[in-house]
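This report refers to the structure that appears directly beneath it.
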Amino acid sequence: MEYLGQDLTNLMKKDMKWEESNIDKLVRFLIQALTMMKQRGLIHGDIKPANIVFNDHLNFKFIDLDNSGFYRSSSTLTERGYTELYASKLVKNKITNFQEVTAEEWRKNDLHCAAMTILQVVYGMTEVKLRGYRKVELSLQTDVLDKIPKDFPTLGLRLQNVVSKLIAGEDLEQISREYNLTEIVPPPIELRKFE
């Protein structure tokens, strides 16, 4: 329980400048956690800065597993909560049109939510600013993704590449290799729900 009390939104409210090494830790955590969750058939369902807590050493954990669950890739899920701001267009459209969303589409949605979280944290965007970018997907591409290599000289292209692939819902193992994560060390993840 040493993690509780600090989530990523707290850091953004303090206007803390993220060093590239801290951004790298966050990206590594997200890739490792998402890979491990995929291997175990777990979908988080609501990845966003408010649901990622950390301690003084920047060790991250997911919280708020109310929307999470274990599913087979062939299953469909209809009654699930999610945060619209971070969700993929596909999931938002299907839910809006009362269509079933497959477990694989929810997994890809987790990737999309992770990418939106990275962008929000890295650039210190408020939810209002992120919402403005999400209304015009093209401006998110040109205004934010394209400036990553200039703003982060060390991580630059790797970070841009990872975020783009997460948004597209590409293969996690491939993303892990490209981000130089040769072995997936399970991050500390709580798989139980607290009532």
Side-chain angles (χ1 to χ4, degrees), residues 7-9 12 26-27 29-53 60-123 125-145 159-176 179 187 189-191 193:
D7 64 45
L8 291 180
T9 57
M12 292 171 358
L26 173 64
V27 172
F29 161 76
L30 286 168
I31 293 170
Q32 289 177 329
L34 288 165
T35 302
M36 187 181 80
M37 288 168 26
K38 181 182 177 191
Q39 290 168 348
R40 295 180 178 178
L42 176 67
I43 297 166
H44 184 283
D46 198 18
I47 295 173
K48 59 185 178 184
N51 289 340
I52 301 173
V53 293
F60 301 99
K61 281 188 182 181
F62 286 125
I63 60 169
D64 191 6
L65 297 170
D66 289 343
N67 291 320
S68 67
F70 291 93
Y71 301 100
R72 287 187 220 104
S73 59
S74 61
S75 39
T76 56
L77 314 159
T78 49
E79 300 287 323
R80 293 182 53 83
Y82 71 104
T83 303
E84 184 178 354
L85 179 60
Y86 300 91
S88 67
K89 279 184 178 180
L90 175 71
V91 166
K92 284 193 284 192
N93 288 340
K94 282 195 163 191
I95 290 174
T96 302
N97 295 315
F98 303 101
Q99 297 173 335
E100 291 184 336
V101 181
T102 68
E104 187 57 30
E105 290 165 340
W106 278 111
R107 277 193 197 90
K108 288 184 178 185
N109 187 65
D110 271 358
L111 303 184
H112 190 277
C113 293
M116 293 298 106
T117 296
I118 291 167
L119 290 177
Q120 187 179 3
V121 169
V122 163
Y123 283 107
M125 290 184 202
T126 61
E127 286 198 355
V128 172
K129 187 171 183 180
L130 183 61
R131 186 169 283 112
Y133 277 117
R134 291 301 310 277
K135 285 182 180 174
V136 185
E137 293 287 333
L138 182 61
S139 70
L140 179 67
Q141 177 74 34
T142 56
D143 291 353
V144 180
L145 283 177
L159 182 60
Q160 181 186 43
N161 190 30
V162 164
V163 171
S164 297
K165 288 182 181 223
L166 287 171
I167 289 172
E170 292 190 19
D171 181 57
L172 269 171
E173 285 75 18
Q174 180 67 29
I175 294 171
S176 296
Y179 205 75
I189 242 183
E190 296 287 333
L191 296 180
K193 294 181 184 179

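A donor-acceptor contact shorter than 3.5 Å is absent between the side chain of Asn97 and the backbone of Gln99. Side-chain atoms of Asp46 do not come within 3.5 Å of backbone N or O of Asn51 as any donor-acceptor pair.
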Working note: Glu104 + Arg107, criterion salt bridge (charged side-chain N to carboxylate O under 4.0 Å, His left out); need CA distance, chi angles, decisive distance, verdict.
CA-CA 5 Å; Glu104 187 57 30; Arg107 277 193 197 90; 3.5 Å; yes

Test side-chain contact (heavy atoms from CB on, under 4.5 Å) applied to Leu65 and His44, step by step:
CA-CA 6 Å; Leu65 297 170; His44 184 283; 3.3 Å; yes

Applying side-chain contact (heavy atoms from CB on, under 4.5 Å) to Ser164 and Leu145, what does each step give before you reach the verdict?
CA-CA 8 Å; Ser164 297; Leu145 283 177; 3.9 Å; yes

Test side-chain contact (heavy atoms from CB on, under 4.5 Å) on Lys38 and Glu173; report intermediate values, then the result.
CA-CA 10 Å; Lys38 181 182 177 191; Glu173 285 75 18; 3.7 Å; yes

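Among all heavy-atom pairs drawn from Phe29 and Ile52, the shortest one is CE2-CG2, 4.2 Å. Contact detail for Val163 and Ala115: the closest heavy-atom pair is O-CB, 3.8 Å. Of all heavy-atom pairs spanning Thr117 and Pro49, the tightest one is OG1-CD, 3.6 Å. Of all the heavy atoms in Val121 and Leu8, the pair that sits closest is CG2-CD1, 3.9 Å. When all heavy atoms are compared, the tightest approach of Ala114 to Leu30 is O-CD1, 4.1 Å. The shortest heavy-atom contact between Ser176 and Thr35 is OG-OG1, 3.5 Å.
Here the straight-line distance linking atom CD of Gln39 with atom CG of Leu172 works out to 9.0 Å at 0.5 Å rounding. Rounded to the nearest 0.5 angstrom, Lys92 NZ and Asn109 CG are separated by 9.5 Å. Taking CD1 of Ile118 as the start and CD1 of Ile31 as the end, the distance is 6.5 Å to the nearest 0.5 Å. Rounded to the nearest 0.5 angstrom, Asp7 CG and Lys61 NZ are separated by 15.0 Å. Summarising the geometry, atom NZ belonging to Lys89 is positioned 11.0 Å from atom CD1 belonging to Ile167; distances are rounded to the nearest 0.5 Å. Put simply, OG on Ser88 and NZ on Lys94 are 10.0 Å apart, with the number rounded to the nearest 0.5 Å.
The residue from Leu166, Ile175, Val162 that alone fulfils the side-chain contact (heavy atoms from CB on, under 4.5 Å) condition with Val27 is Val162. Between Tyr82 and the choices Asp110, Ile95, Val101, the side-chain contact (heavy atoms from CB on, under 4.5 Å) rule is met once, by Ile95.
Applying the side-chain hydrogen bond (donor to acceptor under 3.5 Å, both in side chains) test to Asp171 and every residue at least two apart in sequence or in another chain returns nothing. Among residues two or more places apart in sequence or in another chain, the side-chain hydrogen bond (donor to acceptor under 3.5 Å, both in side chains) test is passed with Lys165 by Glu178.
Taking the side chain as every heavy atom from C-beta outward, Lys48 and Leu85 never approach each other to under 4.5 Å. Side-chain contact between Ile47 and Tyr86: absent, with no pair of heavy atoms (C-beta onward) separated by less than 4.5 Å.
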